[in-house]
Amino acid sequence: MDIALIGNPNTGKTSLFNNLTGSYEYVGNWSGVTVEKKVGILKNQRDQLIDLPGVYTLNPLSKDEGVVTIFFLNEPFDMLLNILDASQLRRNLHLTIQLLEFGAPIVIGLNMVDVAGNRGIKIDSRNLSACLGVPVVPVVARTGKGCDSLAEMISAEAGQPDIAFEVDYGPAVEKATAALKEKLAGRTKIPARWLAIQFLEGNQYVREFLLNFIGGSELNELLEFVETQLKTDGVKETLEQYMYRKRSEAIETVVARSMVRTEGAGTPLSEKIDRIATNKILGIPLFLLLMYLMFMLTFDWLGFPLSDALDAVITGPVTDWISAGLAAVGASEFINALILDGIVAGVGGVLVFVPQIFILFFFISLLEDSGYMARVALVMDRVMEAAGLNGKAFIPMMIGFGCNVPGIMAARTIETPKERLLTILLTPLMSCSARLPVYALFAGAFFAGDKALIVLSLYVLGIVVALILAKIFSITVLKGETSLFVIELPPYRVPQIQALWRSTWEKGKGFVKKAGTFIFAGSVLIWLLSYAGPGGLKVPMDDSYLAMIGGIFAPIFAPIGFGTWQAGASLLTGFLAKESIISTMNIIYFVPDEATLQGLLSQHFTPLAAYSFMVFILLYVPCLATAATIYKETGSRRWTAFSIGYALLIAYLLSFIVYQGGKLAGWA
Amino acid sequence: MMTIEKVMAMLGEMKKGEKALIKSISGADRFVRRRLLDLGIAEGAEVCIKCVLPFGGPVMLESCGQCVGIRRREAFRIEVERV
């Protein structure tokens, strides 16, 4: 049986999904975490649960919400599991009613009963169930309370629904329904009444769907008929408002029978926190301070010593153990070199940064889970507006700090197409975790005293460049369309350790996996290219194929401070995955550990050239996976090419300014 | 008449901590109006201004225990009655 999980944003859908399926799903506390349809197997090992993006209604405003409407129109499913936020019953019921109108079997999970209780709201789930004619099970999705009985109810409830509830939209709408039903003449299984109601409310997706069966002029006639009919009945609102009001009235009768209000318990904690978090004066400084703390912990206080320790383990005992093993099996010199100089150097050089990356991912998960992310969007809106974007675009960018790919996908929650495209194009400028090893290595070698500040300067540079480019693009290539911003601010929630760990691991495991596959294969290839040359095998590295390939690009990079074949070769591999830059360097400079590599680097780079190199790495090109995601999300080769082209251009330009400007200032 | 004049206002004029009843949101942009309706903020709803961000930044409203941020420009297109 296929069960679709549906509900408003921030109602705990993903938590419920995790509890019912026992799978590790990505959880976040801001609208639009679920940007794609996700499927899990229920604990009974039989039924499938489909996690849909959170929506307020089936009439979509953003592409993210459109996913749900498309699902209803095109995908078969057997049952709906509708999750309601008990503390926001009225708003949540608008969606429930549209689901009831669709006519599929429904079970309702009434979530956040505890939150509602704190606010003095008590809901009688039996009465609610009686009003709507569908089963209602109270749950606390975060702790898993009630989930078992919900699961039982789902298994028991297959079959035809016994929906007792119907909204009276008035005779005009009912006549239109009848007319539509006649025109459709059974050519679709979707209930005519649902189609009529959605169409009259202005649902574009449903209109498109109906155009498959009915001509556009006939549909317009139907719309006009209802509008004139309502006007003669003395209705002054627009059709959309009228439908909304009728539904609201019906909801009031349900609420009256099932909700009891008592005295709430003082000022909620959320409001107290918001007095500081979204404070007029403190808002932005507080955000910057939190970012600063996050970077100090990742790069300096905690992450750095951990990475150092791991490096010591990999270059010490692990390498000794592997070489002993190789000697024991009598491996040839070639195999020996391949494994130690190629794979251990390449993959190990990347794995060393796992602690720092996990710390960074932990903080990003914490920001998402706690509800602070939406506040950041609110606080940053004024700045983003000046750049031609809206505050919501800041969320994909923050996620982009972890990895650009989910960042770009999160842009789907932005309603206006222009702002969405801008966000997609600019998110690659956010310094993702794969770029972090490069900074850690170079900052450690050249700016040991203030590593974290140097790295922070790069992250900030990425944001500043993105904002300036947003402004430039929005007045040149992407003109028109006004910018809009409405954001729901969910209550703060104390993140649960288990959920935090899950989402940190979900994000971080990709990095580890990539090290074991992509970087592994890349390391073998790079090593082979460095081992072989026109003169045969085991040539000096400067005569290898790798030196030849890198040498082609070297002259181009000379004006920006790193005209060596080594830099050219690592930048080339960096397009495949940014971590490759580090594994390539480890192989090229083949040295036993990170500290020696840093010593060696100072012979090839001046501190100024090192900074210029980091700036170039920050901006130069989205990696292969990111470019593929940009293509998938924009559906346009032109914009994908544009995103690569402008990045190369801006990276070169800025590195040039940094290097040549720095030289003029006498820093070289 | 004077008292009525005083009571009616635009949401954008309101200060932090003030409460009001929404009178009309038909002046707001179609998209903003739809989203506010989605969040249950319609004519007749009581809202409270929770904060106003600087430099003409957005305002944060609270209605029925839920918080929403909208731009001040849009707030100036929503008619309210002070309570």
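Note that the structure is predicted; figures quoted are calculated from it, not measured. Within every chain, numbering begins at 1; the chains are lettered A, B, ... in the order of the sequence lines, protein sequences first and strands thereafter.
Tested against A:Arg247, the residues A:Glu101, A:His94, A:Glu252 include a single side-chain hydrogen bond (donor to acceptor under 3.5 Å, both in side chains) partner, A:His94.
For A:Tyr244, the part sitting under 4.5 Å from any heavy atom of chain B is the side chain, from C-beta outward, and nothing else. For a residue to count as touching a neighbouring chain, one of its non-hydrogen atoms must lie under 4.5 Å from one of that chain's; by this rule A:Glu240 touches chain B with the side chain only. Residue B:Arg72: no heavy atom, backbone or side chain, is found under 4.5 Å from chain A. At a 4.5 Å heavy-atom cutoff, the contact between A:Asn59 and chain B is made by backbone and side-chain atoms alike. Neither the backbone nor the side chain of A:Glu201 comes within less than 4.5 Å of any heavy atom in chain B. At a 4.5 Å heavy-atom cutoff, the contact between A:Asn390 and chain B is made by backbone and side-chain atoms alike.
Between the CZ atom in B:Phe31 and the CD atom in A:Glu415 there is a gap of 3.5 Å [rounded to 0.5 Å].
With chain A as partner, the option from B:Leu39, B:Ile41, B:Leu36, B:Val68 having the largest number of non-hydrogen pairs under 4.5 angstrom is B:Leu39. Highest contact tally toward chain A, considering only B:Cys51, B:Pro58, B:Gly56, is held by B:Pro58 [criterion: heavy-atom pairs under 4.5 Å]. Interface check for chain A: of the options B:Gly40, B:Gly57, B:Cys67, the most heavy-atom pairs under 4.5 Å are formed by B:Cys67. Contacts with chain B were tallied for A:Leu484, A:Thr238, A:Thr278; A:Leu484 has the most, counting heavy-atom pairs under 4.5 Å.
Side-chain atoms of A:Asn111 and A:Thr11 form no donor-acceptor pair, as typed in the model, at a separation below 3.5 Å. Looking at A:Tyr56 and A:Glu488, their side chains do bring a donor and an acceptor atom within 3.5 Å of each other.
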Under the criterion side chain to side chain contact (heavy atoms under 4.5 Å, CB included), I'd like the reasoning laid out for B:Asp29 against B:Arg73: C-alpha separation, chi angles, the key distance, then a yes or no. CA-CA 10 Å; B:Asp29 176 89; B:Arg73 187 172 354 106; over 6 Å; no
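Here the side chain of A:Asn82 pairs a donor or acceptor atom with the backbone of A:Ile6 at under 3.5 angstrom.
Separation of the A:Phe287 and A:Phe394 ring centroids falls under the 6.0 Å cut-off.
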